[in-house]
Amino acid sequence: MKKLLVLAAAAMTVTTPAAAASGLSDAIRADMPQLMTLYRDLHANPELSMQEVRTPAKLAAEMRKLGFDVTEHVGKTGVVAVMKNGPGPVLLIRADMDALPVKEQTGLPFASKVIGKLPDGSETPVMHACGHDTHVATWLGTARRLAAMKNQWSGTIVMVLQPGEELVMGAKAMLDDGLFTRFPKPDYLLAFHDSAQLPAGVIGVPTGYALANVDTVNIHVKGLGGHGASPQTTRDPIVLASKIVMSLQTLVSRENNPLEPAVVTVGSFHAGSKSNIIPDHADLALTVRSYTPETRKLLLDGIKRIARGEAIASGLPDDLMPIVEIEQPSADATFNTSPFSERLRSLFASHFGADRVTQPKPIMAAEDFSRFWLADKTKQSTIFWVGGVPKAKWDAAAGDINKLPSLHSPLWAPDAEAVISTATEAMTVASLDILKKG
Ligand SMILES: [Zn+2]
Ligand SMILES: [Zn+2]
């Protein structure tokens, strides 16, 4: 904050960039009441992945009012809003808009009471527990600024409101529906996510891998069932599945290069119905995480090999080998290209002050923003974080994130005002820099 004051003081005397910066802050401050009204409305009315209807309709109408050329229903429920403004690069700005099957416990006055339907038909409470409502509000805030500042940039902006991020389906659905062929193809890809690991208003820009490859692996372990008193007549799938779980621990500890991050977690183990029955199958479900394609292959191949090897060691015949299934869609790691992410980090540091900008380590969650860059790796791409932990809570926990609610928690209540105003300002200065007049 101190640095900001110094910048503001300097602006009054000479430097025009800082004067422009404070003009931008003022304009965003004036927009905030409307953006917060939108945020609270979205928060109270969350929509599950690939079922977004109200959110895109509302935002499409707003974007038309700003003069964007708007196309709805791209990739089922996505929105693409294009503004062409002379020669220059094409910049894609993406916000995801889906919520989660979580029962909100924040106690906020505008907390969600919405009940939704999962793809299997079952009912679930729905909550914006990942903060995508702050992303949507920022998306509109950025569009509003860029439309108002048209005389200060040159190029094309492609604003993308993406469905189904939580199921890592929406980006692919939009690409399959012609995002890069029906609309101007982007040279730069930009997105942000609110963060439960940074204090409100702090920006984190990773370089290189930002988020991980995530695979869900199901192992269906077979056995020969029978009476619990006669194990010699059976091949016990619970014992076999237990051995598989233990052997899987050596994949990361003994086979993987310790300098390459990797996670193999068995999150679910289901077998049997009664104490004196040896069942004929056991089911394991794993989450497998990595950054590089090589580590990903090592883990997935290793899981198949260990499952089969342990089954052979247990004396199971060929037709009772475990079935290993990798669930689709899986998520590919999100990569921040090096010149672009570094340029943004220094741009944000000079705009907001170095004390508000960090270079965080990658995290092992996933994002399907990755797909836009993977569809054409010659382009520049960055996703950055904007801290959402309210300052009082951050200080009370002394910055120990283990004491704070994470994303997807029913208690996640970001300082939305700080997230939306900071992210809108960051997105706008990034856009003005990329689309600088020649
Ligand atoms: Zn999420
Ligand atoms: Zn998210």
Side-chain angles (χ1 to χ4, degrees), residues 39 42-43 46-52 55-56 59 75 77-78 93-106 112 114 116 118-119 124-139 160-174 189-198 200 203-204 206 209-216 263 267 287 289 327 329-334 336 360 362-372 381-389 401 404-416 419-420 422-423 427:
Y39 161 74
L42 297 170
H43 191 85
E47 298 176 294
L48 287 169
S49 305
M50 304 312 288
Q51 300 179 34
E52 307 89 341
T55 310
L59 272 291
T77 68
I93 298 177
R94 174 275 213 170
D96 42 5
M97 59 174 158
D98 53 333
L100 286 158
V102 170
K103 187 172 167 47
E104 178 154 3
Q105 292 168 37
T106 59
S112 163
V114 169
L118 291 168
T124 174
V126 186
M127 174 191 172
H128 264 300
C130 206
H132 297 182
D133 41 4
T134 65
H135 304 179
V136 177
T138 297
W139 189 78
V160 171
L161 193 59
Q162 185 209 300
E165 187 281 326
E166 296 292 354
L167 298 179
V168 291
M169 286 171 75
K172 183 171 188 304
M174 292 191 83
L189 306 160
L190 192 57
F192 93 98
H193 204 296
D194 69 318
S195 171
Q197 304 192 2
L198 290 171
I203 301 174
Y209 285 110
L211 292 135
N213 296 311
V214 176
D215 294 286
T216 298
V263 173
T287 189
R289 299 183 180 224
E327 260 185 33
S330 53
D332 298 318
T334 308
N336 280 356
I363 59 170
M364 291 219 115
E367 247 292 348
D368 67 353
F369 179 64
S370 58
R371 286 193 198 271
F372 298 124
S381 181
T382 292
I383 188 167
F384 62 92
W385 296 98
V386 175
V389 182
I401 56 163
L404 294 162
S406 60
L407 296 179
H408 291 200
S409 158
L411 298 171
W412 175 237
D415 178 344
V419 173
I420 295 165
T422 305
M427 282 289 182

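In each ligand, atom 1 is the first atom listed, and ligand 1 is the first ligand listed. Worth saying up front: this structure is predicted, and the values here are computed from it rather than measured.
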[atom1]-[atom2] distance between [X] and [Y], expressed to the nearest 0.5 angstrom:
X: M97; Y: E52; atom1: CE; atom2: CD; answer: 4.5 Å
X: L211; Y: F369; atom1: CG; atom2: CZ; answer: 10.5 Å
X: S381; Y: R94; atom1: OG; atom2: CZ; answer: 10.0 Å

**OP:** Give the atom name of whichever N/O/S atom in H193 sits closest to the Zn ion (ligand 2).
**Re:** NE2
**OP:** Take the angle between the ring planes of W385 and H193 and call it parallel below 30°, perpendicular above 60°, tilted in between.
**Re:** tilted
**OP:** Could you grab the protein N, O or S atoms closer than 2.8 Å to the Zn ion (ligand 1) for me?
**Re:**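 As for protein N, O or S atoms lying under 2.8 Å from the Zn ion (ligand 1), they are C130 SG, E166 OE1, E166 OE2, H408 NE2.
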Original post:
Will you find, in the side chains of H43 and E104, an N or O donor that is under 3.5 Å from an N or O acceptor?
Top reply: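 Note: H43 and E104 side chains meet the donor-acceptor criterion.
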Subject >> Heavy-atom pair with the smallest gap, counting every atom of Q162 and A171 >> reply: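 Result for this residue pair: NE2-N, 3.3 Å.
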